[in-house]
Amino acid sequence: MPPSGPSLIRLLSGWLPAQRWFGGKDGPIDDLTIGTATQLRTGDPGLHHLVLDVHQNGATDHYQVLLGTRRHLPDRLRHVEIGRLTDGHAFDGHAMNGHVYDAVHDPELTRPLLAFMADEATVGPLRFHRAPGTEIRTDLDGTPTAAEQSNTSLIFGDAYICKLFRRLSPGVNPDLEVNLALGRQGCAHVPAVHGWIELEPGLGGAAEPVTLALVSEFLRSATDGWRFALTSVRDWLAQPSHPGPLPEVTASDAAAAGGDFAAEAERLGAATAEVHRDLAAAFGVTRRTPEDVRDAVFAMNEHLDRVSAAVPEIRPYAHAIRAVFDEVAADARALTVQRVHGDYHLGQVMRTDAGWMLLDFEGEPGRTPAERRAPAHPLRDVAGMLRSFEYAARYLIARDTDLPPDTAESLELRARAWAERNRAAFCDGYAAAGGPDPTAHAALVRAFEFDKAVYEIHYEARNRPSWLPVPLRSLAHLAG
Ligand SMILES: Nc1ncnc2c1ncn2[C@@H]1O[C@H](COP(=O)(O)OP(=O)(O)O)[C@@H](O)[C@H]1O
Ligand SMILES: O=P(O)(O)O[C@H]1O[C@H](CO)[C@@H](O[C@H]2O[C@H](CO)[C@@H](O)[C@H](O)[C@H]2O)[C@H](O)[C@H]1O
């Protein structure tokens with residue numbers, strides 16, 4: 001018997017919209033039903049896996065939640081309480097009185113997930129998998145990472161990270177698909193997959209299973225690429241400012257600033273090319289005709305129209321952006337496309353002792369599963385990372401509204417120099433390691449960069465309005 005009853009639904013309807021990973025914040029929930037309910041642990045505390053069917057604007061989205069139930073809630077779990085069920089409320093077929101809470105915060109309830117994977121268990125519609133040839137330790141508790149975003153990640157000791165996909169789509173999740181494929185290619189730039197969880201076919205009537213979670217090797221002592229780059233920018237901006245025109249940045253200047261990133265940017269470029277090579281080997285390559293390229297440019301223009309309608313701040317740059325798109329369409333040539341990362345930026349890479357590692361092959365949130373898996377030109381990823389250098393360079397100054405204009409202007413010159421230096425180093429590393437040379441495809445890279453900037457302006461306006469000046473400032477420079 002599925003968990004039912006108005007009170008559980010009422011509790012979840014109030015809780016869901018407040019979750020960071022809930023994608024339906026634009027409008028009210030019309031109806032919420034429970035698609036599947038699986039009891040993973042009986043007794044107290046109890047653990048229940050639910051797929052929620054959320055009906056909004058005529059469409060249905062599916063979200064995964066793990067609920068804990070306890071008769072007495074310890075203080076350490078009070079902040080994640082969802083509510084209380086009383087009077088023998090039916091829950092997974094059991095009369096249940098007690099507190100219902102977000103189980104990802106309860107180490108006692110996250111530990112069983114590893115045990116199920118180690119045993120390759122099937123529990124109701126849930127199938128737990130261990131990757132071939134790997135062991136899974138079962139003595140570790142999982143705790144959620146502080147930076148909860150589109151998904152929830154649990155860290156188990158310093159051994160594993162388990163990403164629970166929140167919004168579910170039928171079919172294998174691209175992150176699992178790509179990581180397994182790259183692992184089979186022997187790629188040194190992705191963490192090893194240890195296990196995964198899937199839901200049997202049937203979600204939304206689909207014939208394929210659904211990926212629920214991915215367990216990977218935890219990269220201990222790794223530094224997040226975004227933070228690493230920002231440390232360098234901070235040092236670079238703190239140098240005494242030079243009056244007059246943009247100073248030429250030499251390696252010794254940058255090194256004197258204490259945090260030159262160029263050698264790292266070059267290594268990151270090389271790692272990116274190696275991953276692209278392995279993706280092409282694993283998934284194959286496809287040819288696109290000049291007509292296909294013109295269609296793609298048409299889609300970029302339509303994207304710009306939609307974003308211009310929603311975010312007026314982009315309108316002053318629309319003409320310059322269209323000119324770049326038109327240049328590619330006018331000189332359209334056949335291109336070779338392949339599986340790519342799809343949402344490549346400094347927050348998706350980590351520097352370990354062994355080199356750069358690439359994470360999160362899910363593609364841009366908001367795109368359909370088919371779009372996320374569609375082949376694209378590898379220079380799209382290069383353009384994504386070039387945008388990220390622009391972001392890192394300007395992040396500290398674009399958000400400081402108290403800077404006097406002349407200080408802001410001199411810092412902008414300095415930020416520009418940092419971005420140019422690291423963009424060039426990244427492109428050099430990419431081309432030297434066998435990727436298509438970005439300097440030989442300048443118009444295409446520029447078009448991809450502008451298309452990404454359009455996406456970012458929409459993303460920031462919707463999700464982080466205080467960040468909007470960051471892509472706008474860089475657009476003012478690139479489109480100027
Ligand atoms: N294998 C790993 N080892 C260490 N940290 C990781 C690993 N995978 C992800 N992370 C950390 O978790 C963050 C979010 O991971 P990501 O896969 O990008 O999830 P999301 O899709 O929720 O953005 C990363 O930015 C990184 O800091
Ligand atoms: O990491 P996600 O897959 O959730 O990607 C989304 O969020 C990113 C921000 O967290 C966003 O990236 C933008 O901001 C980054 C700095 O925080 C910057 O390095 C990127 O260049 C910029 O695009 C990403 O676009 C979005 O899809």
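When a ligand or atom number is given, it counts from 1 through the structure's own listing order.
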Closest to atom 3 (N) of ligand 1 (judged by heavy-atom distance), picking from Leu164, Asp343, Leu219, Leu359 = Leu219

Tyr455, Tyr344, Tyr459, Tyr395: member with heavy atom nearest to atom 25 (O) of ligand 2 |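 Looking at heavy atoms only, the winner is Tyr455.
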
contact_flag Met385 ligand 2 heavy-atom lt 4.0 Å | no

May I ask whether Gln348 has any heavy atom positioned less than 4.0 angstrom from an atom of ligand 2?
-> yes

Can you check whether Phe450 and Phe325 have ring centres sitting under 6.0 Å from each other?
-> no

Taking the six-membered ring for Trp, is the centroid-to-centroid distance between Phe261 and Phe228 below 6.0 Å?
-> yes

Quick check: does His345 get an N/O under 3.5 Å from an N/O on ligand 2?
-> yes

What do you reckon, does Asp343 have a nitrogen or oxygen under 3.5 Å from a nitrogen or oxygen of ligand 2?
-> yes

Spacing of [X] atom [atom1] and [Y] atom [atom2] [to the nearest 0.5 Å]:
{"X": "Leu114", "Y": "Cys162", "atom1": "CG", "atom2": "SG", "answer": "7.5 Å"}
{"X": "Leu40", "Y": "Phe128", "atom1": "CG", "atom2": "CZ", "answer": "5.0 Å"}
{"X": "Leu468", "Y": "Asn463", "atom1": "CG", "atom2": "CG", "answer": "11.5 Å"}

Check each heavy atom of Asn151 against ligand 1 and say whether those closer than 4.0 Å belong to the side chain, the backbone, both or neither.
->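 Both the backbone and the side chain of Asn151 come within reach of ligand 1.
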
Looking at atom 14 (O) of ligand 2, what's its closest protein heavy atom, distance included?
->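 Here the closest protein heavy atom is Arg464 NH2, 3.0 Å.
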
Got the closest protein heavy atom to atom 4 (O) of ligand 2, with its distance?
-> Ser150 OG, 3.6 Å

Indicate whether the side chain of Gln348 and that of His341 have a donor and an acceptor atom separated by less than 3.5 Å.
->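 On atom types as modelled, these side chains do not qualify, holding no pair under 3.5 Å.
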
Check contact between [X] and ligand 1, using heavy atoms of the residue and a distance below 4.0 angstrom.
{"X": "Ala222", "result": "no"}
{"X": "Thr145", "result": "no"}
{"X": "Arg220", "result": "no"}

Is the cationic atom of Arg167 (NZ for Lys, CZ for Arg) positioned less than 6.0 Å from the six-membered ring centroid of Trp21 and within 45 degrees of its normal?
->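 Judged by the rule (NZ or CZ under 6.0 Å from the ring centre, within 45° of its axis), Arg167 is not positioned above Trp21.
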
Would you check the N or O atoms of [X], main chain and side chain alike, for any that come under 3.5 Å of an N or O of ligand 1?
{"X": "Glu217", "answer": "yes"}
{"X": "Asp360", "answer": "yes"}
{"X": "Asp175", "answer": "no"}

Closer than 4.0 Å to some heavy atom of [X] - which atoms of ligand 1 meet that?
{"X": "Gly347", "result": "25 (O)"}
{"X": "Pro191", "result": "1 (N)"}
{"X": "Gln348", "result": "18 (O)"}
{"X": "Glu362", "result": "21 (O)"}

[X] neighbourhood, listing ligand 2 atoms whose heavy-atom distance to it stays under 4.0 Å:
{"X": "Ser388", "result": "18 (C), 19 (O), 20 (C), 21 (O)"}
{"X": "Asp360", "result": "3 (O)"}
{"X": "Trp467", "result": "16 (C), 17 (O)"}
{"X": "Glu456", "result": "21 (O), 22 (C), 23 (O)"}

Lys/Arg-Asp/Glu bridge criterion (N-O < 4.0 Å) met for Glu177, Arg372 =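 No.
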
Inspect the contact between Arg473 and Glu390 and indicate whether a charged nitrogen and a carboxylate oxygen are less than 4.0 angstrom apart.
->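 Between Arg473 and Glu390 there is no salt bridge, as every charged N stays at least 4.0 Å from the carboxylate O atoms.
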
Hey, is the main chain of [Y] close enough, under 3.5 Å, to the side chain of [X] for a donor-acceptor pair?
{"X": "Ser474", "Y": "Val470", "value": "no"}
{"X": "Arg339", "Y": "Phe283", "value": "no"}
{"X": "His441", "Y": "Asp437", "value": "yes"}
{"X": "Tyr317", "Y": "Val454", "value": "no"}

Using a cut-off of 6.0 Å, state whether more than 12 heavy atoms not belonging to Gln338 lie near its atom CD.
->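 Yes, because the 6.0 Å sphere around CD of Gln338 holds more than 12 heavy atoms from other groups.
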
